[in-house]
Structures are given as C-alpha cells and as structure tokens.
Protein chains: 4
Amino acid sequence: MPKPASQPPAPSPATSSRRTPARARGHLRQKLKTAYRDAILDAAEGLLARRGFEETKMSAVAEAAGVATGTVYNYFTGQEELFEAVMERCRDKMAATLAPAMSESDPMRRLKAIVTCLFKFVDGHRELAMIRQRNAARGSTRLARHEDEEEAVDHVTKALIATVDEAQQSGALRNDIDPLLLSGSLSGLIEAHFVHWLQRGGDAPLADQASNILKIFQEGASTP
Amino acid sequence: MPKPASQPPAPSPATSSRRTPARARGHLRQKLKTAYRDAILDAAEGLLARRGFEETKMSAVAEAAGVATGTVYNYFTGQEELFEAVMERCRDKMAATLAPAMSESDPMRRLKAIVTCLFKFVDGHRELAMIRQRNAARGSTRLARHEDEEEAVDHVTKALIATVDEAQQSGALRNDIDPLLLSGSLSGLIEAHFVHWLQRGGDAPLADQASNILKIFQEGASTP
Amino acid sequence: MPKPASQPPAPSPATSSRRTPARARGHLRQKLKTAYRDAILDAAEGLLARRGFEETKMSAVAEAAGVATGTVYNYFTGQEELFEAVMERCRDKMAATLAPAMSESDPMRRLKAIVTCLFKFVDGHRELAMIRQRNAARGSTRLARHEDEEEAVDHVTKALIATVDEAQQSGALRNDIDPLLLSGSLSGLIEAHFVHWLQRGGDAPLADQASNILKIFQEGASTP
Amino acid sequence: MPKPASQPPAPSPATSSRRTPARARGHLRQKLKTAYRDAILDAAEGLLARRGFEETKMSAVAEAAGVATGTVYNYFTGQEELFEAVMERCRDKMAATLAPAMSESDPMRRLKAIVTCLFKFVDGHRELAMIRQRNAARGSTRLARHEDEEEAVDHVTKALIATVDEAQQSGALRNDIDPLLLSGSLSGLIEAHFVHWLQRGGDAPLADQASNILKIFQEGASTP
DNA sequence: CATGAATGAGGCTTCATTCAT
DNA sequence: AATGAATGAAGCCTCATTCAT
C-alpha cells in the first residue's frame, strides 16, 4: 500500500509531509535488511554444510537465498566475510545452546550436560553441526599451516577443557593425563559418535546417546 | 629425481639411438615411467599435506616434481585422478604399516599393536598422516554428499572394526555398545591424540603414547 | 543542503497537505528542484575534479550531494548526462567569467584581459579549472576517437581564436602563422602556466602571471 | 618441422637424445615469447591510444593481439603491469628518439633538435604519441591527486628543462623567468602544435613545423 | 518525488587442461 | 613421451541503473 492518502491520527505535524512516519519506515527497513541478511546467511550455511567451503560459490549462495549476486555484497564485503559470519553465527548458537549446561556446578555432571546440550543442538541443527565439524578439520589444518596464528578455539572446546581440568582437580577424573589431551579425547569421542550418527543417516535422536559417551569416557570400553 | 637412468657405455655416437636391446629398453622405459610417476606422487603428497586439496595446483605439483605441467597429464588423466592416486598410495602404505600388527592373535593386544603401528607410521610420515586426517574430514562430508556412493572405508578403520568386534565377542570389551560405535570411539581417541600432538608441534615421538590411548580406551578417564 | 525550503506557518495539522496555493507551490517546487539539481552538480563537480571521471561513482556523487542514489536519476538520465551537465555548467561559468574581457575592443588588450579573466577564474574555482584541464585532454582524445563528431570547442578557445585572428588582421600579431595554430599556442602557454601553478601547490594567486604569459607570447623567450 | 630424424653433424653425443638441440629450441622459444609479448604490447598500445586507459579491457587487448585472455597473464601479472609496460616502452622509444638531439652542444640548437626529433617520432608513431599526451594529462591529474608521490617526469621533459636552463645561463634565453616555467611553456607550445596537427587529421608531416615552434618560442607572436 | 537496496551485466583474474613443438 | 605456453571456462567482485516502498 504505497499511498494511504488519509492520515487520520497525524501524530506530529512536523513529520506530516512523510506518508509513513520515519520511525516506522526505518523499522521496516531494518526488518527487511535483517531478513535479507539472514536469508543469505541461511543459504550460505546450508551450502557450506552440504558442499563445503571450496565448493560454495557466491553465486550459488545468492541463488539459494533468492537474491541477486550483487545483493550478497550489500551485506558482506566478500566471500571471506560471509563465511566468517556463518561460522560466527554458528559459534554463537552453539554458545547459547551451551549456556544452561554451564550453570551446573559439579564438573562431571556439567560434562554430561555439555554433551547432552551439544547433541540436542545437533539434533536441531544438523547443518550447523556439520559445518562445525568441517571447521574443526579446517582449524587443525590451518593450525598446521600457520602454526603461529590466532588460537580461535571453540567456545565448546574451551568449556570442555575447563571442565575436565576442574574434574581432574576435584579428583573425579584421573590426574595422570594432560587435561588438554583428556578433554581432546572427550571431543574425539563426541565427534566419533556424531560421525557414527551421520553414517547411520542421522535419523534417530542423537541426544539419547550422551550417556553412552560419558559411560565410555568414564568407565572405558573394557568389560566392567 | 626423475632420471636415474644410467647410460651404460654408449659405444658409438652414430648408433646411439639404438644402444640397447629392445627388451632391456622396455625395462628401462618401465623404470623411467615408474620413477616419473613416483616423483609426481611424492610432490603431490607433500603439497597436499602442506597446502591442502584446494590450494594444491597442478602446476605446483609439476614444479615440485621437477617436470613440466603437461607431463603430469601423461601419468594421470587429471587432478582428481592424481589426488585419488595419492590417497590410494597413502592407504596402501598404511595397510603395509599395519600388516605386522594384524598377525597378533589376541584382539586386545592386536588393538594395541595397531595403534602402535599407526603412531610409528605417523612418526615417520607426518605428511601422509596429515593427509589422512584431512581426508577423514573430507570423507565424512563426502559421505553426507553422496550418501549412496562407495564405502571407501579405510583399511585401518576396517581393521579396528574387526578387531573390536572380535574383542567384544571374546568378552574383552563391553558388549552393550555397537561395535561400529566402539571402534569409532577408539578412532576418535586416536585422532584426538594425533591432533594434540600436532598442536604441540609434533616433535616428541608419538608412538610412546599408544599405551596412553589404550589406557583411556580400556579403563576410561575416571580416577581408577 | 538540499532543503532550504522554509515551512511558512503551517497553520493547522489537519490541512497541512495543502498549505500553499497551487501557483506558489509550483514556484517552491521549482526552487526545490533547482536546489537539488545544483547540489548534485556541485557534488559531481567536486568529485570529478578530485578523483577524475572514471573514479567518480554515482553513489559517491549522491552521498556527497546529501541525496539518495536514485534521486540523481530523477535529475539526470544517467552518468553521462550528469557529467556532461557538469562540463556544460563549467563552460557556462567560464563564458560568464570571460564576458567583461570581451568588451575590450583592442585585440591585444583583449587577449590580455582574457588571460587575466581566466586566471582570476582559476583562482576562485580551482576545481572547475582542474576539470576543464582534464576535459581538454579528454576532448582531444575524443576528437581522435570520433574524428567526425561534434566540434564542441570551448567558448574560451573560440574567443582566443577570434581575437588572435583579429590581432593578426590588425597587424599586431605576425601574419605568417595559421591563426588556429597561433591561438592554440597561446592556449598551450596558458595551460603550461596552469600546470606549473598546480605543481607549485596552487597557493600563490595565478592572476598575477597573466602578464608573464603575454610577455612570452608576444616577445618570445629569447633575451630581449 | 617437429622431427628431423637425421642429425648430420651431431656435434655432441651427450645431447643426441634430443631431437632438437636444446640451445636452438631455447632460442626458438625465446623468440616466440618475445613475439607474443610484443604482439600484446602492440595491441595494448593501439587500444590505449585509441580508447584510453579506462576503456581498454584486458579481453580487448587479448583479442587485438590474437591471443586468449589468459595468455596476457602469462606475460604480465595484470592490467596495471601491462599498461605500465606499454608506457615504459613508450618512454624508452622516446628516449631513444631523443638521443641524437642530445649530442648537440649549443643549447638553442639542441632545443630545436629535440623538437625536431619529437616531431619525427610523432610522424612515425602516432599512437605512441597520443599515449604520451594522454599520460601527460594523467600525470598532471595524478599530481593533483597524490601531490607527494614520485616525480616520474618524462625523459623528454627533463631534457627540455635542462636545456632551457643551460640556455638561460648562456644568455640565449631570457633570465627573468623560472626555467621550469619556461620549459613548460615550450612543452605547451609543442603540445599545442601536436593537437593542432591531430585536429587537422594528422596527415601532413609534423616535423616540418619544428622551426615554426621555435620561431614562436624565441621571437614571440608579435609582428617582428 | 525521495529513498536506498536489489539487480545483473561485465570486468579482472586464475588455473585445469590441451597441444604444437 | 616431455615440454611449457596457449586456452577459455568460471569465479569473484563492482557499480550504473531500476524499482518497490
């Protein structure tokens, strides 16, 4: 509706020359901008998860988002920034997902809560989860490439490390292993379950397996 | 060094184009071909490990191998086949490395032998190992991509699965977990150690940590 | 400042959409239109002088003018017409600047007056002057491009040609040289002084040098 | 002729396995490379002169040179380097053209020789000359842009400045004018003649007009 | 009309592959 | 066969222009 000629209330005479109040229009614009931005991010996220970083062309992202190629560049300066934004949003969502788990005070229970949260997240955001996994690989290779660059460790990884460390100090976990290595081991177990789940088709809910992981992690694989 | 071909005596310049009997020449040819092929594979392997799949250009491979770009295409039909050949050779070397471990009859001892062999291999072929890790990530994403394609599971992975299965049946490992998941967990632990080792700079010998892994795998991380 | 439009009294919010009688409103409209148009031209002029033709983007012009990109297209059909309009306005201003000089009847005095006017103009409108110089180069190359296109010779150039011609016929200037070439020579001298002035930083008033130019033009560079 | 099977002289048995002697082949390659490079430079030169810097697309250069787009990038890293190379070759040719004039010891005669050389050059290389002129404009605008950048003054300009300076010190040219301004004035005169010549169609030989220029420069335009 | 984001044609550049020598 | 330059398809990005609000 471009021209609602009658302005019944006309709240403020000063702005009466504008058909739509500036504030409302700005709000609309803002919403539209966010919608576009999100659509692009969503499209990129899906493609990144499905095809990987190198196979994700800007034009494909634009098409998937239902916009023109140039539009993408109105929201992101370039490919790198777009992908980075996807990763960041991914990290943010993961961090948000993790938040409730972090309030658990007992370290072992917190570990379990973390894993449960993670898997709940994966159940709801398979694509994001796949990106995260890819990026983990990317991360470790980058590490090999520029061994001195920034750490950029995942929020989740950090949480695991801290919690494992705490559990070791509280005597709940064995003390004869570098906490970094131990938390890495837990990460490896988590990823193994994730991969296993993917290979199974990703149908069954993953969250149920959190206790499985911790069972293995805590008790080991030997016959009890 | 693509040209180790020794030129025997070369009796007379006039007949030099037919110095060698046909059979011997064929043999020489064969050797030369193999030498070229290997040089190219070696170069590709190094670059793949160092720069990754997407950053490894055919011209760079050629240069690193000391041949012309076109030559690469005399030995491989294209980039994909070349990289595939590198991966295959990598898998073969891994399989060969694994062979002695497989002769161990007791499954638990065999598991430890496998891990030890793996880490010995990594100590000696860091580049190959890095490729393998990269490819693992690649593999799992590919899996997602063409979920119905070839299995292409690693020899090592197969060995682990079979051995874990055997150990479960012999009662050495807990029976309440899918053998695929259990062996995947072991793989995850192995990779976690590998990554940890990479992050530490990859200096210390990795083989020493085989027992560490199995300790965690068997006993778990809880305080004994 | 595209909006100098003073809003008279604005008697009642309810009738605010019809504050002004139609004729007055038309007048206002006209003024507003001109104000916008001028703002855009001014912005374009500044950017053209500063960044050059190829580096001057429509969006930058709009921003500098304080309007939206699309608005520019309400006043000019496109980039070419806008730039052409800038050039035309530039030519017009030059012509206006030149007017007083043209009333001088003696050709030699008129030449000096023209040069003086030119330099006064440059002193006051450095940007326009720079555009004019740029366009001179552009012009001569365009000439080469579509050798048959419009003449589009500058008003100043025309004035110089006519005056030089007159001076030749009056015997004040040598007759053995094509008047076009002779006036071109004077133009060249003028431009040389302008460039020299630019390279010196463009600080000192340029108008003082008018007599220098005419000295060289009339007497030549040899020791008197 | 790819396979001249008979190698009559066979100078050195060691290289007999190569059909074509390495040196000869290298020579051929070198020649071909130079031919390509020159073809590209020539094409770029023509387009730069005809269409200008901003209108000269890489693909057009390639097409004009009769090569594929990518080929251009085998010889120049990018557009900037290509254009720079054209300009450099242009400068070099100009410098070479100027060389004989510089051996003249008397400054006034040298000035005339320089102008004559310049015009001879223009007669033979109209395109290069046009590029030079464009670049002069470009140069002076660049100057305005980054007023502090490198000087990058033309060899010709330098020669003129030095010679004019010398002529002033020898008393042949008036001393009451900044030598830079005086040589600039001469440059302006030269360019004016060049432009005039272009506008006349560039048919008549330009070199004949060298004396005209110096006449004006030395004696001025007033009736003698 | 003003707005300013969407559009998409078009430019520059890269690199896997081919091919004449 | 080896060579290495030529090729051109394809990707990223810019920016003049359009158009819904």
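Letters A, B, ... are given to chains in the order of the sequence lines, protein chains preceding strands, and every chain is numbered from 1.
The 5' end of DNA chain E is approached more closely, in terms of each residue's nearest nucleotide, by D/S59 than by the other of D/S59 and B/T77. The 5' end of DNA chain F is approached more closely, in terms of each residue's nearest nucleotide, by D/V67 than by the other of D/V67 and C/G78. Take the nearest nucleotide of DNA chain F for B/K33 and for C/T69: the residue whose nucleotide is more 5' is B/K33.
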- Item | Evaluation steps, side-chain contact (heavy atoms from CB on, under 4.5 Å), between B/R50 and B/T56 | CA-CA 9 Å; B/R50 238 185 302 288; B/T56 298; over 6 Å; no
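Computed from coordinates, the A/E81 CD to F/dC13 P distance equals 11 Å when rounded to whole Å. Remark: P of F/dA5 and CZ of D/R37 are 14 Å apart, rounded to the nearest angstrom. Whole-Å rounding puts the A/M58 CE to E/dC12 P distance at 20 Å. Rounded to whole Å, the distance from CD on D/E63 to P on F/dA6 is 17 Å. Computed from coordinates, the B/I40 CD1 to F/dA1 P distance equals 13 Å when rounded to whole Å. Put simply, CD on A/Q30 is 13 Å from P on E/dG4, counting in whole angstrom units. Between the P atom of E/dC12 and the OH atom of D/Y73 lies a distance of 6 Å, rounded to the nearest Å. One interatomic measurement links the two molecules: CD of C/E55 to P of F/dT14, which rounds to 13 Å at whole-angstrom precision.
Checked against F/dT7, F/dA2, E/dA2, the side chain of B/T71 finds its nearest nucleotide in F/dA2. Residue C/Q79 places its side chain closer to F/dT17 than to any other of F/dT17, E/dA6, E/dA2. Here the nucleotide nearest the side chain of D/K57, chosen from F/dG11, E/dC12, F/dC13, is E/dC12.
When heavy atoms are screened at a 4.0 angstrom cut-off, A/Y75 is found touching the sugar-phosphate backbone but no base atom.
Pairs of residues two or more places apart, or lying in two chains, never qualify as ring-ring contact (aromatic ring centres under 6.0 Å, His included) while including a residue from residues 54-76 of chain D.
Taking 4.5 Å as the limit, some side-chain heavy atom of A/M58 sits within range of a side-chain heavy atom of A/L82. Using a 4.5 Å heavy-atom cutoff, the side chains of B/R89 and B/E45 are in contact. Proximity of D/L48 to D/E55: side-chain heavy atoms (C-beta onward) are nowhere separated by under 4.5 Å.
For B/E88 (side chain) and B/F83 (main-chain N/O), no donor-acceptor pair under 3.5 Å exists by modelled atom type. Of the possible polar contacts, one joining the B/T34 side chain to the B/Q30 backbone as a donor-acceptor pair under 3.5 Å is found.
Taking a pair as Watson-Crick or G-U wobble with both distances under 3.5 Å, the runs of three or more consecutive pairs in DNA chain F are E:2-21 with F:2-21.
Applying the 4.0 Å criterion to OP1 and OP2 of E/dA2, one finds that C/N74 has a side-chain N or O inside that range.
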